[in-house]
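Working notes, beginning with the structure itself.
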Amino acid sequence: MSYDAIVLAGGAARRLGGADKPALHVGGRTLLDRVLDACADAATTVVVGGRRPTARPVHWTVENPPGAGPVAALDAGLRQTTADLVLVLSADLPFLDRATVRALLHACAAGGDGALLRDPTGRDQPLVAAYRAEPLRREIALLAAEHSTLAGLPLRFLTAELDLATVADAAPLASFDCDTWDDLATARARIREHGNVLEQWITAVSTELGIDVTVDTKTLLDLARDAAHGVARPAAPLTTFLVGYAAAQAEATGADPATAVAEASRKAADLALRWAAETETETGENGSG
């Protein structure tokens with residue numbers, strides 16, 4: 001489904017003491033980069049706000065005047081897009097995922113003027129939403145004509161005139177935003193929880209290395225265990241590195257990456273088990289002697 005993305009990365013961040021909120025880190029990545037990863041397949045991504053380093057290329061713009069508020073920022077971003085569907089996101093969503101983005105886009109495409117994410121408390125989030133571009137442009141133009149300016153207008157003036165569906169936050173952290181230092185501390189703690197940490201770490205490393213591959217975590221952890229127990233502890237990370245290298249070589253010849261990882265893991269695991277079996281056999285023979 002073709003769409004453009006607009007990420008609002010301005011604002012004064014008063015409750016953060018004026019800190020550059022999109023540049024704050026959660027799980028080793030900036031809040032902005034985490035949001036950009038969730039909409040990585042957008043045809044065009046426009047970030048409204050001051051330029052800063054990002055993990056992938058984006059288009060930059062700023063509302064006029066700077067700091068004029070979300071409606072003015074949305075208008076500035078919309079002027080840089082051409083798709084019929086537009087994803088609109090704030091830049092402070094550490095747990096937004098691609099599944100939520102897809103759900104919003106499908107709900108928007110189903111009819112009406114757009115779809116908003118509804119958080120677990122029942123509040124609709126206009127900055128975690130997908131809109132049809134034409135009615136969005138129309139209503140922004142009407143607001144500009146009625147008020148002579150878009151500066152300072154609240155988003156509810158815009159959304160009240162649109163026919164919007166809602167999508168429940170199935171994640172349910174997708175709508176979690178970082179407005180305060182306590183929010184940031186909560187996000188950093190949650191990302192390190194036992195049930196989340198490996199998935200979050202794999203995503204962070206993959207993004208950092210610029211790779212997009214499905215990781216069979218259980219298979220690789222089982223391999224690391226077999227290498228550590230059957231050979232030696234340092235063999236675990238070295239073996240998984242070699243499996244990744246072999247999979248990359250296989251992919252270069254046209255193999256499916258996930259299949260290549262699985263096959264290389266199987267071979268290495270079988271080798272580790274054979275290695276361990278020899279050790280056990282030798283131990284038994286020496287004991288019987």
Query raised in the report: What's the verdict on side-chain contact (heavy atoms from CB on, under 4.5 Å) for Tyr3 and Cys108, showing C-alpha distance, side-chain angles and the deciding distance?
Result: CA-CA 11 Å; Tyr3 71 98; Cys108 180; over 6 Å; no
Query raised in the report: Do you know the tightest heavy-atom contact between Trp60 and Arg52?
Result: CZ2-O, 3.3 Å
With no hydrogens and no angle check, is any side-chain donor or acceptor of [X] less than 3.5 Å from a backbone partner on [Y]?
| X | Y | answer |
| --- | --- | --- |
| Ser148 | Ala144 | no |
| Arg188 | His25 | yes |
| Asp33 | Ala55 | yes |

Going by distance alone, is a donor N or O of one side chain under 3.5 Å from an acceptor N or O of the other, for [X] and [Y]?
| X | Y | answer |
| --- | --- | --- |
| Thr219 | Asp222 | no |
| Thr180 | Asp182 | no |
| Arg56 | Thr45 | yes |

Requested in this report: Measure the spacing between CG of Leu164 and CG of Leu116 and express it to the nearest 0.5 Å.
Outcome: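 Separation between the atoms: 4.5 Å.
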Passing option when [X] is tested against [options] for side chain to side chain contact (heavy atoms under 4.5 Å, CB included):
| X | options | answer |
| --- | --- | --- |
| Leu136 | Asp75, Leu158, Ile6, Asp113 | Leu158 |
| His59 | Val48, Val47, Val46 | Val46 |
| Pro94 | Asp177, Thr186, Val26 | Val26 |

Query raised in the report: Where do Glu263 and Arg266 land on the salt bridge (Lys or Arg N to Asp or Glu O under 4.0 Å) test, with the steps shown first?
Result: CA-CA 5 Å; Glu263 178 63 14; Arg266 182 192 63 77; 2.6 Å; yes
**Report entry** Carboxylate-amine/guanidinium proximity below 4.0 Å for Asp270 and Lys267
**Finding:**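 The answer is no: the pair does not qualify as a salt bridge.
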Query raised in the report: Does Arg132 come within less than 4.0 Å of Asp84, counting only side-chain N to carboxylate O?
Result: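 Looking at Arg132 and Asp84, the cut-off is not met.
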